[in-house]
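Have a look at the structure below, then the notes.
Proteins come first, then strands; the chains are lettered A, B, ... in the order of their sequence lines, and each starts at number 1. Because the structure is predicted, anything quoted here is derived from the model rather than measured. Worth knowing before you read on, the calculation uses all heavy atoms, side chains too, and leaves out hydrogens, waters and symmetry mates.
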Amino acid sequence: MKNRLLVVSLVAILTLLCAQLAFAAGNISVLVNGKALSMDSKPFVTQGKVLVPMRAIFETLGASVKWDGKAQKVTAKKGDVEIALWMGKKEANVGSKSVTLDVAAAVDKGRTVVPLRFVAESLGAEVDWVSDKNTVVITTGGGGAAAAKLTGSLKMSGSTSVQPLAEELTQTFMKENPKVQITVTGGGSGVGISDAADGKVNIGNVSRALKDTDPKGLVATTIAKDAIVIVVNPKNQVGALTTEQVKKIFTGAITNWKEIGGKNAPILVNSRTAPSGTFDFFKEKFLGEDNVVSTAKQHASNGLVRQAVAANENAVGFISMGFVDSSIKAPKLDGVEPTLENAKNGTYKIVRPFVMVTKGSPTGLAKSFLDFVLSSEGQSIVKKEYISIK
Amino acid sequence: MEQENASVLIPQKTSPITSFYTKPRKPFKEIIIERILLLLTILSSILIFFVMFFVISKAVPVLKASGFNFVFSGGWDDIFSKAWQAGADQPVWRFGALPLIAGTVLATSGALVFCFTFGLGCAVFIEEICPAWLRKPLKSTVRLLAAIPSVIYGLVGLMTVVPFISKYLISNELSLRMIKICILDGTSLLAGIIVLSMMIGPIFIAMAGDAIKSAPKRYKEASLALGLSHWRTIVKIILPAARNGIVAGAILAAGRAIGEAIALSMVTGSVANLPNPAHGLVFFLEPVRTLASTIVDNAEGMSVAACESALFACGSVLLLTCVLLSLFSRIVSGNLRQGGASNN
């Protein structure tokens, strides 16, 4: 009885699934290193994810496949990377690490289909979706596991704002390429530019666009964008600020909300610890040579500033745009609503590019690293606190 | 083999004296296991020295450059940001950690005073006054409290203690008056003291309770037989007899309090401010930052050698203090044994 129920429900689910799949199927093509992937059944989209027949993708990417019928489990191995997927389960293993998928592997018209992006990326390929052509572009080589053979060392110096991001990127890159050693030092954007031009470092980190006065022959790769928003408590009546007012607040020249249209209450300033790139940018845009008032609370992260501002009616702080949520309020700055859209189209001015500069076009390890930074894996690290460029 | 082992075991059980004299040869397995245990013990004690050596060696550049100024001068936040922004050719090595050390000492000693008064009362109640049926649940509750991770205390403190202080103890006028000196928003020395004493209280209660329990029974019996009331016996006989154990407990609790980082980082205000006693009671409402929470808060700066060394210097001050405290508590509890308080 129980078994029959199981079979019936399984069939029902599969039918539904197939119906949905058939409905969603458009004409999607998959390009691997520029060549069309030949498949014995059509790839299709479900819940925004492209699924492809398992054999086609694994064999093209050079992975060996094993099918365990009893456990309904697919294991693919390439080099020292092993991934495991289960039919109908949203869990998968990459090496010994377990990951959750948006869409599970499934059986479609007698073919086992697997989520393309997950499979390709875990096997070290890069995946791009060209939406107007309905095409998935897969590039092997470059970042990820395929680049595990990379060796050598890189030196980076420059902007302290880019530094935390650069360090996070290099750490992931070095973890994937254990024989690569990258050192990141600070000094400021100017140092990054002159060091890169003098050949002292392979990559200079710069938190502004290159200017005409910069040395010639430098190639800039924009890796991310950063926007900063002034935030206050939602109960605060102040709905708009000017750059000048922000400067006065954070240098301690204005200490009462009354002076800028709020009620008679002290302004509690929340800042960031010195190593913060957000702080560096804030100081550059609003304070110039002046320092933040010494009574300001110093927080170690964007999240802590947000928490502090959310907790106190009289608090003010600044955070990266990605951290703005309903627990706080972002007043207009010089009349502009600080939204991601305005930041992207340039109306909101407190945005700057994060740039990595190289002397001439990047080559060798520097190129591999920049490819990694621009890959979806690198950009997913960027996205955590900054505006991704894709 | 099985048979043989059994036959060796039986005489041991029936006549312990013979087995004591004719030592049976240890099985090979046991020897191996004992050796492994010995090795592990040696390894872990070497590890402690390695950690100390590592921390202090990392701290040397800053400690050497700053000398005693590290302990006696202030301005940590400014120096730290200068050191972070400095180019590689002109690093800043001279740091002043006075506000941090003051913050640590104030928070720890405040918490000790709090937990000594309340905790001692608790320990006396549990061991002497409490009805027998309530003793066990009370004791296990205290033990449970001691096992809660500190970040939980920090979170609870941030969500309850801090808003309470900001709502009921800090008026708008006071905050306005003090705004030029420091920010009063509830995160404060007082919040730190309250959260810390909540954290170290259970440890102290457990230690003091053990000390009270191990005060010789005969003292208590003699005192009661001579006609002293139970209360007077507690104050005049039991507590003095348990004194060393109680002090040792307080020292251990202080050791935990000094090293506490996360919880204090959340509730004490994250600014290297030196509270000014001239402000009267407002002193307790001023923000501070302890050495341990500074290490957490400024950890992002580790990639600059000078900043890293400065944080390790904070760490080595902490480490030395904790070693001294631990030695001190050993001496005190050593006195306890010599004093004849031990009942076996």
Quiz item: Does the pair A:Lys283/A:Asp290 count as a salt bridge with the N-to-O cut at 4.0 Å?
Solution: no
Practice problem: Considering only NZ, NE, NH1 and NH2 on the basic side and carboxylate oxygens on the acidic side, decide whether B:Asp77 and B:Arg289 come within less than 4.0 Å. | Solution: yes
Self-check item: Spatial distance of atom OG1 (B:Thr104) from atom CG (B:Leu264) [nearest 0.5 Å]
Solution: 8.5 Å
Using a distance-only test with no angle check, is there a side-chain donor-acceptor pair under 3.5 angstrom linking [X] and [Y]?
X	Y	answer
A:Asn264	A:Asn256	yes
A:Ser157	A:Asp195	yes
A:Asp226	A:Ser207	no

Quiz item: Top residue by heavy-atom pair count (under 4.5 Å) with chain B, among A:Ala315, A:Pro164, A:Gly252, A:Ala265?
Solution: A:Ala265
Quiz prompt | Among A:Val269, A:Val292, A:Asp280, residue most engaged with chain B (heavy-atom pairs, under 4.5 Å) | solution = A:Val269
Residue [X] versus chain A: region with a heavy atom under 4.5 Å:
X	result
B:Arg177	neither
B:Lys180	both
B:Ser265	neither
B:Pro287	side chain

Could you tell me which portion of [X] (side chain, backbone, both or neither) has an atom closer than 4.5 angstrom to a non-hydrogen atom of chain B?
X	result
A:Glu313	neither
A:Leu304	neither
A:Ala311	neither
A:Ala296	backbone
A:Ser271	neither
A:Asn291	neither

Exercise. Could you list the residues that satisfy side chain to side chain contact (heavy atoms under 4.5 Å, CB included) with B:Glu286, not counting sequence neighbours?
Key: B:Met178, B:Cys182, B:Leu184, B:Asn273, B:Pro275, B:His279, B:Val282
Quiz prompt | Heavy-atom pair count under 4.5 Å with chain A, highest-scoring of B:Val162, B:Asn298, B:Leu158, B:Val296 | solution = B:Leu158
When the side chains of residues 93-101 of chain B are checked against the rest of the protein, which donor-acceptor pairs come out under 3.5 Å, sequence neighbours left out?
| residue | atom | partner | partner atom | Å |
| --- | --- | --- | --- | --- |
| B:Arg94 | NH1 | B:Ala65 | O | 3.2 |

Quiz prompt | A:Phe282 ring center within less than 6.0 Å of A:Phe250 ring center | solution = yes
